[in-house]
J.: 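Quick one: the structure is below, questions incoming.
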Amino acid sequence: MSLLAGISEELAEIDGQISDIFRALSNGFQKLEKIKDTNRQSRQLEELTGKMRECKRLIKEFDREVKDSEIRNDPDTNKMLNEKKQSMIKELNSYVALKKQYAGNLENKRSDLFDGPADDVGEENVLLASWLQEVGWYSPEIACGCHAMTNQQLIDNGHQMMDETDQVIERSKKVVQDTINVGTETAGALKAQTEQMSRIVNELDSIHFSIKKASKLVKEIGRQVATDRCIMALLFLIVVGVIAIIIVKLVNPNNKDIQDIPGLAPPALTRKLLWQPN
């Protein structure tokens with residue numbers, strides 16, 4: 001960082017902020033490994049994602065400063081700054097990959113959490129359907145042998161229950177398909193909003209950078225204006241002094257304390273003739 005301070009104070013400041021974020025990311029992922037609750041893990045991942053976005057913005061600003069100072073720096077310095085930028089990008093990408101890994105593991109845990117009860121419910125539904133089928137096909141009268149049903153009635157009753165089951169399955173398939181369609185549309189809308197937010201962030205970064213450059217330019221113009229005012233004041237004082245000397249010489253030409261101004265002769269008191277006419 002001391003080396004960057006010798007090149008540019010702004011580069012050194014940005015490098016310090018990026019280093020602080022990298023330390024916070026390292027500590028955050030170490031803390032994430034110790035968290036067992038999925039909700040707390042999700043909140044921790046969101047916080048780390050925000051830090052990575054801020055780090056990405058600072059790296060972009062660092063790159064802009066490097067490009068602006070390429071003309072003033074020698075080739076070795078430019079090479080060192082580019083290598084520094086690439087190392088920042090590489091380290092940030094490693095944290096992004098680590099974040100994706102933790103997010104995938106968290107999604108798998110949630111899937112297992114939702115899939116487990118569903119299997120149990122499915123088994124209970126199978127047992128319940130078997131029980132209903134048994135009750136529908138074999139009434140207490142059949143079990144006792146009192147009022148026996150004919151084979152055709154049993155077949156018709158079984159076909160009716162199968163038709164009702166097929167209708168329930170079809171309705172369930174339709175609900176699942178509608179849910180998938182809604183999920184697909186929601187995912188598309190979220191992706192479009194994410195891209196829009198990314199463009200907005202990039203535009204805000206550009207505006208922030210332009211504002212900083214404009215502030216520097218205004219400061220430089222202010223210093224130039226102050227210098228011009230000092231020069232004008234000095235010239236005004238010189239002109240006033242010259243005018244004052246001229247006035248004094250005209251009013252009191254015999255004053256020897258004030259030297260004559262070059263190019264301005266004192267007024268002639270008398271004019272002597274070189275010859276006198278007869």
Side-chain angles (χ1 to χ4, degrees), residues 1-36 38-109 187 190-220:
M1 183 173 177
S2 59
L3 182 61
L4 292 178
I7 301 173
S8 172
E9 294 182 358
E10 293 184 357
L11 288 175
E13 182 180 357
I14 295 173
D15 179 63
Q17 294 177 359
I18 293 174
S19 299
D20 293 339
I21 292 177
F22 282 153
R23 281 193 296 270
L25 289 173
S26 178
N27 296 331
F29 280 109
Q30 291 178 2
K31 181 180 178 181
L32 186 62
E33 294 179 355
K34 301 177 182 179
I35 298 176
K36 302 301 181 181
T38 56
N39 293 327
R40 291 181 59 193
Q41 286 181 349
S42 179
R43 288 193 297 269
Q44 182 71 9
L45 276 179
E46 291 178 358
E47 182 179 353
L48 295 175
T49 302
K51 293 183 180 297
M52 283 186 278
R53 290 196 188 99
E54 178 66 16
C55 185
K56 180 180 178 181
R57 185 188 67 81
L58 290 173
I59 291 176
K60 288 182 179 179
E61 189 171 350
F62 185 89
D63 182 49
R64 292 193 187 97
E65 291 292 340
V66 169
K67 290 180 179 179
D68 288 343
S69 61
E70 281 182 351
I71 301 176
R72 300 190 300 268
N73 299 331
D74 55 89
D76 294 336
T77 302
N78 291 330
K79 182 179 178 181
M80 183 271 293
L81 292 176
N82 288 323
E83 291 177 352
K84 180 71 174 177
K85 181 189 69 175
Q86 294 298 328
S87 65
M88 292 177 181
I89 295 174
K90 184 177 180 181
E91 186 171 358
L92 178 60
N93 288 336
S94 65
Y95 285 117
V96 171
L98 192 60
K99 178 253 181 184
K100 290 181 179 179
Q101 179 181 354
Y102 277 103
N105 295 335
L106 183 62
E107 190 66 25
N108 292 334
K109 289 182 181 179
L190 289 176
K191 183 178 180 180
Q193 292 178 359
T194 302
E195 293 176 352
Q196 184 178 4
M197 290 296 295
S198 179
R199 289 193 297 269
I200 292 173
V201 170
N202 292 333
E203 292 176 358
L204 289 176
D205 293 340
S206 300
I207 293 172
H208 179 70
F209 184 75
S210 300
I211 290 174
K212 291 182 65 177
K213 290 298 180 183
S215 299
K216 291 182 181 179
L217 183 60
V218 169
K219 290 180 181 178
E220 293 178 359

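Please read all numbers here as calculations on a predicted model, not as lab measurements. Any value given below was found using the heavy atoms of this structure, including those in side chains, with hydrogens, waters and symmetry copies removed.
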J.: Has Gln41 got a side-chain atom pairing as donor or acceptor with Ile35's backbone, closer than 3.5 angstrom?
T.: yes
J.: Test: salt bridge (charged side-chain N to carboxylate O under 4.0 Å, His left out). Region: residues 72-83. Which pairs qualify, not counting sequence neighbours?
T.: none
J.: So for atom CD1, which belongs to Ile71, do other residues, nucleotides or ligands contribute more than 12 heavy atoms lying within a distance under 6.0 Å?
T.: no
J.: How long is the gap from CE on Met88 to CG on Asp63, to the nearest 0.5 Å?
T.: 10.5 Å
J.: In chain order, what residues pass the side chain to side chain contact (heavy atoms under 4.5 Å, CB included) check against Gln30, with sequence neighbours excluded?
T.: Ser26, Asn27
J.: Determine, stepwise, if the pair Glu10 / Lys216 fulfils side chain to side chain contact (heavy atoms under 4.5 Å, CB included).
T.: CA-CA 12 Å; Glu10 293 184 357; Lys216 291 182 181 179; 2.5 Å; yes
J.: Return yes if some donor-acceptor pair links the side-chain N/O of Asn93 with the main-chain N/O of Ile89 below 3.5 Å, else return no.
T.: yes
J.: For the CG atom of Leu45 and the CG atom of Leu32, what is their distance to the nearest 0.5 Å?
T.: 5.0 Å
J.: Test salt bridge (charged side-chain N to carboxylate O under 4.0 Å, His left out) on Arg64 and Asp68 and set out the steps.
T.: CA-CA 6 Å; Arg64 292 193 187 97; Asp68 288 343; over 6 Å; no
J.: How long is the gap from CG on Asn82 to NZ on Lys67, to the nearest 0.5 Å?
T.: 9.5 Å
J.: Could you give the side-chain donor-acceptor pairs of residues 199-208 under 3.5 Å, partners two or more places apart or in another chain?
T.:
residue, atom, partner, partner atom, Å
Asn202, OD1, Lys60, NZ, 2.3
Asn202, ND2, Ser198, O, 3.2
Ser206, OG, Asn202, O, 3.1

J.: With side chains defined as the heavy atoms from C-beta onward, is the minimum distance between Lys56 and Met52 less than 4.5 Å?
T.: no
J.: Minimum heavy-atom separation for Phe62 to Lys84, with atom names?
T.: CZ-CG, 4.1 Å
J.: Can you give me the closest heavy-atom contact between Glu70 and Asn78, atom names plus distance?
T.: O-ND2, 3.3 Å
J.: Which residue pairs pass the salt bridge (charged side-chain N to carboxylate O under 4.0 Å, His left out) test with at least one member in residues 22-31, sequence neighbours excluded?
T.: Asp20-Arg23
J.: So do Leu11 and Asp15 actually touch side chain to side chain, heavy atoms under 4.5 Å?
T.: no
J.: What pairs meet the salt bridge (charged side-chain N to carboxylate O under 4.0 Å, His left out) rule with one or both residues in residues 87-104, with sequence neighbours excluded?
T.: none
J.: Can you tell if the side chain of Leu25 reaches within under 4.5 Å of the side chain of Ile21, non-hydrogen atoms only?
T.: yes
J.: Can you name the closest pair of heavy atoms from Gly28 and Leu48 and give their distance?
T.: CA-CD2, 3.8 Å
J.: Answer yes or no: is there an ion pair linking Glu54 with Arg57, defined by an N-O contact shorter than 4.0 Å?
T.: yes
J.: Just to verify, what does Phe29 make a ring-ring contact (aromatic ring centres under 6.0 Å, His included) with, not counting sequence neighbours?
T.: Tyr95, Tyr102
J.: If you measure from CG on Leu217 to OG on Ser210, what distance do you get to the nearest 0.5 Å?
T.: 12.0 Å
J.: Work out which heavy atom in Ile14 is nearest to a heavy atom in Glu65; give both atom names and the distance.
T.: CD1-CG, 4.1 Å
J.: Tell me whether the count of non-hydrogen atoms from other residues, nucleotides or ligands lying under 6.0 Å of NZ in Lys51 goes above 12.
T.: no
